[in-house]
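The structure appears right after this line, and notes come after that.
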Amino acid sequence: MPLAASFQIDYLQYLSPDGTSNGRPLPALARDTGRLVELFKQMLFVRVFDTKAIALQRTGKLGTYASCLGHEATHVGIGAAMRPEDVFAPSYREYGAQFMRGVKPREVLLYWGGDERGNDFQVPRHDFSWSVPISTQCLHAAGAALAFKLRGEDRVAVSTCGDGGSSKTDFYAALNSAGAYRLPLILGVVNNGWAISVPRSAQTGAQTLAQKGLAGGLFCLQVDGNDLIAVLDAMDQAMQRARSGNGGTVLELVTYRLSDHTTADDARRYRDQAEVEQAWARDPIPRMRTWLTAQGLWSEAQETAWKEQCGHRVDQEVDAYLSTPVQPVEAMFDYLYADPPPELLRQRAQWIARDQEQHHG
């Protein structure tokens, strides 16, 4: 029988889980050791912030919070590869990438504290807000990428979703559009093994998540998402491919959710502890720390001093969040529509009148 098509999915990794080279020659970007140190520092900052956010939730000062513990290399690698004029359509967990693009930690805290102002990023204004419905943001990014192509702009749209999100129709529609129109779109599938409480094996029969992009005609690659150098290299290649008019890319970034799905979740109910312990052995921060230390670029003293700086900065952001005046209750109407329908405006007016009666009656 003649063969209609065949394919293979390559796996990109430079650093083994223990922080040593796996024998693959490092890409040229690894020669910029100063940049790698700064990006590692950013990874540490994200972890300090994440730890503080969980503590705030546990003490009643924050609502339900989605931790990014274990995703630092993936998120920082994505953010580092993007230019300011590019557009990012994240899910609700990519803090590392967003901090690098100008989103303030206080805005993240505002959002998870139940204040919609935290989802109206002051910088960058052209990025999309967080998307809690999974994978709808992929279509938004595809639309932005189409606009860039029609306008002849040298810009790339990047969107992220989880392994569960890659099974949504929104994801498939986005990659199909990207392939059909050769759009400058990068779809990063953050494969952390679990779609909340559903293991990857129970929600897709695909051998890899990267191969899903082949159906749309996109370049596809599986990447060790805990290897910062690999993520940077994969993103840089995808960016170059998009900017040169060679179409979009699907990157499967294999990492692990070391935390619960959110602070409202208890992953012990569905996840084996041995699996989690094995995942901790692949933690991206010790991996990069070991490699930098072996190159003479990092030390324990540097890390202690830097973490202290991170703690001070996070405390300042927390203070800014806690001191932000609470919005009036009727503000909830202000985030539903750009042009509210008459019925909604009537309800808003009724609420304001009722509130004034209660306070001044």
Hey, is the main chain of [Y] close enough, under 3.5 Å, to the side chain of [X] for a donor-acceptor pair?
X      : Y      : answer
Gln57  : Thr64  : no
Glu252 : Ala210 : yes
Arg155 : Arg243 : no
Asp86  : Arg83  : yes
Ser131 : Pro133 : yes
Ser129 : Asn119 : no
Lys149 : Tyr181 : yes
Thr255 : Gly70  : yes
Arg93  : His261 : yes
Lys307 : Leu44  : no

Heavy-atom pair of closest approach, residues [X] and [Y]:
X      : Y      : answer
Cys68  : Val46  : SG-CG1, 3.5 Å
Leu228 : Ala73  : CD1-O, 3.7 Å
Ala30  : Trp291 : O-CH2, 4.5 Å

For the residue pair [Y] / [X], report whether a side-chain donor-acceptor contact shorter than 3.5 Å exists.
X      : Y      : answer
Gln98  : Trp130 : yes
Gln13  : Asn22  : yes
Ser159 : Gln137 : no
Asp233 : Gln237 : yes
Arg106 : Thr324 : no
Gln222 : Thr208 : no

Can you find a pair of side-chain heavy atoms, one from [X] and one from [Y], that are under 4.5 Å apart?
X      : Y      : result
Arg35  : Leu232 : yes
Phe99  : Pro105 : yes
Gln347 : Glu343 : yes
Leu251 : Leu187 : no
Glu85  : Asp154 : no
Asp315 : Lys52  : yes
Ile229 : Met288 : yes
Val189 : Leu253 : no

Could you state the interatomic distance from [atom1] ([X]) to [atom2] ([Y]), rounded to the nearest 0.5 Å?
X      : Y      : atom1 : atom2 : value
Leu15  : Asp224 : CG    : CG    : 8.5 Å
Arg182 : Leu146 : CZ    : CG    : 14.5 Å
Thr33  : Glu38  : OG1   : CD    : 10.5 Å
Leu62  : Trp112 : CG    : CH2   : 9.0 Å

*Residue pairs involving residues 156-169 (criterion salt bridge (Lys or Arg N to Asp or Glu O under 4.0 Å); sequence neighbours excluded)*: Lys168-Asp170

*asked:* Let's go through Asp50 and Tyr95 carefully: what are the C-alpha distance in whole Å and the side-chain angles of both, what is the deciding distance for side chain to side chain donor-acceptor pair (under 3.5 Å) to 0.1 Å, and is it a yes or a no?
replied: CA-CA 9 Å; Asp50 194 66; Tyr95 315 124; 5.9 Å; no

*Quick check: are there more than 12 heavy atoms from other residues, nucleotides or ligands sitting under 6.0 Å from CD of Gln327?*
yes

*Considering residues, nucleotides and ligands other than Gln207, do more than 12 of their heavy atoms fall under 6.0 Å from its CD?*
no

*Relative to the ring of Trp194, is the ring of Tyr270 parallel (under 30°), tilted (30 to 60°) or perpendicular (over 60°)?*
tilted

*His75 vs His71 aromatic rings, parallel, tilted or perpendicular, using cut-offs 30° and 60°?*
perpendicular

*Answer yes or no: is there an ion pair linking Arg47 with Glu72, defined by an N-O contact shorter than 4.0 Å?*
yes

_Using a strict threshold of under 4.0 Å (side-chain N to carboxylate O), is an ion pair present between Arg287 and Asp18?_
no

*Lys/Arg cation over aromatic Phe40: Arg289, 6.0 Å, 45° cone*: no

*Can you list the steps and then say if Arg125 with Asp120 is a salt bridge (charged side-chain N to carboxylate O under 4.0 Å, His left out)?*
CA-CA 8 Å; Arg125 295 298 292 172; Asp120 183 20; 2.9 Å; yes

[X] with [Y], same ILVMFWY side-chain cluster at under 4.5 Å:
X      : Y      : result
Phe49  : Phe121 : yes
Ile78  : Leu69  : no
Leu322 : Ile54  : yes
Val123 : Val87  : no
Met239 : Leu175 : no

*Let me see the working for Ser197 and Arg269 under side chain to side chain donor-acceptor pair (under 3.5 Å), right down to the final yes or no.*
CA-CA 9 Å; Ser197 59; Arg269 299 175 62 183; over 6 Å; no

*Determine which pairs satisfy ring-ring contact (aromatic ring centres under 6.0 Å, His included) with at least one residue from residues 304-339, sequence neighbours left out, and list them in order.*
none

*Go through the steps for Tyr92 and Tyr111 under the test ring-ring contact (aromatic ring centres under 6.0 Å, His included), then give the verdict.*
CA-CA 10 Å; Tyr92 48 84; Tyr111 175 73; 8.9 Å; no

